[in-house]
Amino acid sequence: LARRCYKQWLWFMVLFMSFSVIYVDAVWPMPQMISSSMARYTLNPREFIFQYSSGSSAQPGCSLLDSAFERYFPLIFTDYRHDEWFRFPFTVVVHVERAECEGYPDADSSESYKLSVCSGQAALRAETVWGALRGLESFSQLVYQDDFGEYFVNETKIEDFPRFQFRGILLDTSRHYLPLHAILKTLDAMSYNKFNVFHWHIVDDPSFPYQSSTFPDLSSKGAFHPSTHVYTQIDVKRVIAHARLRGIRVLAEFDSPGHTQSWGKGQPGLLTPCYKGTVPSGTFGPVNPANSSSYQFMTRLFKEVTSVFPDSYVHLGGDEVDFTCWKSNPDVRGFMLKMGFGTDYTKLESYYMENMVNITKGLNKTAIVWQDVFDYHEKIPVDTVLHIWKGSPGQIQQELSSITLAGYRVILAAPWYINHIDYGQDWEKYYTIQPLNFTGTEQQKKLVIGGEVCMWGEYVDATNLSPRLWPRASAAGERLWSDERMTSSVIDAFPRLVDFRCRLLRRGIQAEPLFVGHCRHEYQGI
Amino acid sequence: MIATLKFTALLLAVVVCRATQDYGYKDVEEPTLGDSQYGSLWPLPQKVQMSTVAFKLSGVSFQIVDAKESSSGASCSLLQNAYRRYDEYIFPISRMQGQNKKKAFASVSELQVWITSADSECDNYPSVTSDESYKLSVDSPVAVLKAPKVWGALRGLETFSQLVYEDEYGAKSINRTEIQDFPRFTHRGLLLDSSRHFLPIKVILANLEAMAWNKFNVFHWHIVDDPSFPYMSRTFPQLSQQGAYHPYTHVYTPSDVKMIIEFARLRGIRVVSEFDTPGHTQSWGKGQKDLLTPCYSGASPSGSFGPVNPILNTTYDFMAMFFKEVSTVFPDAYIHLGGDEVDFSCWKSNPDIQKFMAQQGFGTDYSKLESFYIQRLLDIVTTTNKGYMIWQEVIDNGVKLKADTLIHVWKGNQQQYQAEMARVTASGYQALLSTPWYLNRISYGQDWQAAYKADPQDFNGTDAQKKLVVGGEACLWGEYVDATNLTPRLWPRASAVGERLWSDKDVKDTNDAYSRLIQHRCRMVQRGIPAEPLFTGYCAHEYKGV
């Protein structure tokens, strides 16, 4: 079947070359290679099927693709009417080399795919099920409706793969609790944008909503509310399962030693008591790095965390540690003396993070840490991934250079702090970021494994998350997936993104407008 | 309004992000969170005396009823609807069934609503002179809400509902309280723009609901503008047929408009429609040939069009018929006629207009031509017996106006708008302020505080001048706003404006406001409006939609 399709394709190419009208606008983010012709085929929902090719290693029963087919049917036929009487059979034949239908996506999962659409059928070939998911998404975006509601797809050929392996979105469920459905909805929208990592900044100073089975007091005392504002183990499993079905990894972050005020409520003795003169002031600082009990606690907690979250990476945080409380505490000062750190508290922080990275290593996981850890020149294993979150454009480039020069892999988040809002079309700012624009060798550039959109939660909860995130994050989505040379123009991107945001709306994602205008189907909520 | 805005937006965009951290900006002054002695009241009533004595509200027996002495009764559906609405706000989960058990504690068993004047105005439309004052006395076993008119009763019901809280066992409670309340300003408006993006009816209704919770009383409906003409006119149906984004799915039919006006009326909210001319009318031209000025490129028409053509009699014939319709569709005594941001370049290019300028002896002063147009338009609207509101440019250009005209100030920085308020009131006109309340302009952080601190009477002028300030309006222009983000962008930021316009001018303690506003926003969320958070924290009942 695939071969026949290909032959027809050549024929059409000859036929339509002279017109050279290329419909490449439909798919967001832009595939690496796409061409299409004016030839269009009708799709009839009653005679449309997904099918595994006979040679595919994934076959009926592959839960991951079976459920993807189920999902994409209504995404393609957004208003399926039962009065169609034209007969236009159409089959999407899916071929997967390696079926990992029950597995989890991981850092080195291939997401490449090839798609060719011709009369009556589309052939989708991918090395892995993850690539097949990306291809299904692209196919669904190729389908459009005319003014009479009929569905069409144009003859199209796509060869596609992501530019960066790590394309993440961070949600912060500590500053505001995000109900489960808000997270699941975000995962849906992520898959429409080909994001593949959900960075779950699950706990922080304000609240500890993760319900730990080892230390239940952490959430019963540290959450905003012990039963309505927590993520149970079942909730977490549901998020991970929902993400897996969409080819999205769930990267959990348990940030320490700073950003841990809420931990202290359920785990007495964990945080450093701050002193006023010679007496405790009653307030607490970062995790107490001078107590061995701190590390015992962390070992047990991370043992749980790494078994709950299947991803082979875990985010340890390590940012913004305030030294004033450590400095005030006589026991911490004594420990500094004993360790020979003098008055250099960055050494104490290094000592703490080193221990944390080793705990992670002991659990067979790789650590991701915020850039602060590198900035203090701590001795960390070379497979640790650094996460850049701060600085001016110049400082970010400098940081990229020095981290990669030291041989570490790096994720770029600083330019995509999407919680920062501005009046007007700020998506352009996120779109025109050039992640590899820094001084370094080819080898260094390869160490940039991707980027991440961060939606910190000070001013964000379920009331405004979706419209604030989409379609602004879509701009970063294309930057991280597509070829930069093909997608460098904001002017070209604008009409495509306008269409794409209407498509998101049609799929029930509350994506805000880019500018004056309308969608055929407006959002119907409030 | 828009050209200026866009320019400002560009300037803003240049201000590049400062070094950022996941804490947000440390240099933003954050109000400290304490408990307000006024609980969750918003906007704060003029006089409140709250005691610590608390009563329970029985989920079985509590009810809102007409007082025996009230001039309003079961036939006043406005109040009956309001009773049901507020009953549901107070008891959001379905009421318990069953016998009223013998009470072991002091309780409030009913709220009696007493309309004290002979004419309750139950079947009227609210107007600029409507009396919104009320007195509320909460005691056991009955609470009494006294108001001269239904409008005050509506405000008092909202206040009563805000006094109710849950004790630690979830029981509805209310403290012994005495309140005397009335608005500081008579015009407390909110502008929504349904032209730049079409707003589904549902969104407009939901926001009218939220307006009532914040004691706003004017919905300024900027219904048409350059991008689209969603108002379906009976007289000129082609205006929306050709000028709307879509002739069926993106229009407001006469019955939609009626529904919105009635929904607003039931909440004591006026609907003031704006049909902005002669600029901001590109969408009008699609359905009404020859209404707009053909622009010229050299000696020939360029194919594009400018503002309304002010030199043709047909223009005024059209306007007369059109505003006759508008004046019957919208019952309010005022119509907003716009008159802002007229671009002269197209008029200048058109040879017929040049000739007309010469005939009229206007020289090259095109603001005289604009005044000529506005003058004739005002004469037309005057024949419909409506008053009018206009944007500040009209008076800046020296057009002669009726004494009761409302001048809407929207431009400039603080110094400029304060000078404008002084100028407008010095010439004896009533003024309305919007400049500091362009809520479509967003920025990172707690920008509600800036809106809260602005005061429409804060300018150099006599007491007589200050009295001419009738209020203000929060504006949510639609360039970047549609149904997806309107509600969280508006609330609770507009609430800050709501309190400024309702409460006493000395109510300006940001810390106290912060504490009340946090609770007020959670209340809005619980009532189903996705009002966004002010800062880190939580509501007992989080928003359930997505």
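Chain letters run A, B, ... following the sequence lines, proteins first, then strands; residues in each count from 1.
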Next on the checklist: Can you tell me how the ring of A/F208 sits relative to the ring of A/F254, calling it parallel under 30°, perpendicular over 60° and tilted otherwise?
Outcome noted: tilted
Next on the checklist: Which heavy atom of B/R493 sits nearest to which heavy atom of B/R489, and what is that distance?
Outcome noted: NH1-O, 2.8 Å
Next on the checklist: Using a 3.5 Å distance criterion without hydrogens, assess whether the side chain of A/Y177 forms a donor-acceptor pair with backbone atoms of A/V230.
Outcome noted: yes
Checklist outcome for this item: Between B/R521 and B/C539, the two heavy atoms sitting closest are NH2-SG, 3.6 Å
Checklist entry - Just by distance, do the side chain of B/N485 and the backbone of A/E512 share a donor-acceptor pair under 3.5 Å? => result no
Item to check | Proximal component of A/D426, with respect to chain B [non-hydrogen, under 4.5 Å] | outcome: neither
Next on the checklist: Filter on salt bridge (charged side-chain N to carboxylate O under 4.0 Å, His left out), then keep only pairs touching residues 199-210 of chain B, sequence neighbours left out; what's left?
Outcome noted: B/R85-B/E209, B/E209-B/R267
Checklist entry - So which part of A/H229 gets closer than 4.5 Å to some heavy atom of chain B, the side chain, the backbone, both or neither? => result side chain
Checklist entry - Checking A/E522 against chain B: side chain, backbone, both or neither under 4.5 Å from a heavy atom? => result side chain
Item to check | Region of A/R468 that comes under 4.5 Å of a non-hydrogen atom in chain B | outcome: side chain
Checklist entry - Between B/L205 and chain A, which part of the residue has a heavy atom less than 4.5 Å away: side chain, backbone, both or neither? => result neither
Checklist entry - Between the side chain of B/E542 and the main-chain N/O of B/Y538, is any donor-acceptor distance below 3.5 Å? => result no
Checklist entry - Which region of A/C519, side chain (C-beta onward) or backbone (N, CA, C, O), has a non-hydrogen atom less than 4.5 Å from a non-hydrogen atom of chain B, or is it both or neither? => result backbone
Item to check | Largest heavy-atom contact set with chain A, pairs under 4.5 Å, which of B/S195, B/G478, B/A540, B/A531 | outcome: B/A531
Item to check | Contacting region of B/V525 [heavy-atom separation from chain A under 4.5 Å] | outcome: side chain
Next on the checklist: At a 4.5 Å cut-off on heavy atoms, which part of A/E428 comes close to chain B: side chain, backbone, both, or neither?
Outcome noted: neither
Item to check | Under the side chain to side chain contact (heavy atoms under 4.5 Å, CB included) test, residues paired with B/H197 that sit two or more places apart | outcome: A/P513, B/D482
Item to check | Leading residue by heavy atom contact count with chain A [cutoff under 4.5 Å; candidates B/P530, B/P533, B/P488, B/S443] | outcome: B/P533
Checklist entry - Considering residues, nucleotides and ligands other than A/R238, do more than 12 of their heavy atoms fall under 6.0 Å from its CZ? => result no
Checklist outcome for this item: With chain B, the option among A/I509, A/I421, A/T228 that has the most non-hydrogen atom pairs under 4.5 Å is A/I421
Item to check | Heavy-atom proximity to chain A below 4.5 Å, by part of B/E532 | outcome: both
Checklist entry - Considering only heavy atoms, which portion of A/L178 lies under 4.5 Å from any heavy atom of chain B: side chain, backbone, both, or neither? => result neither
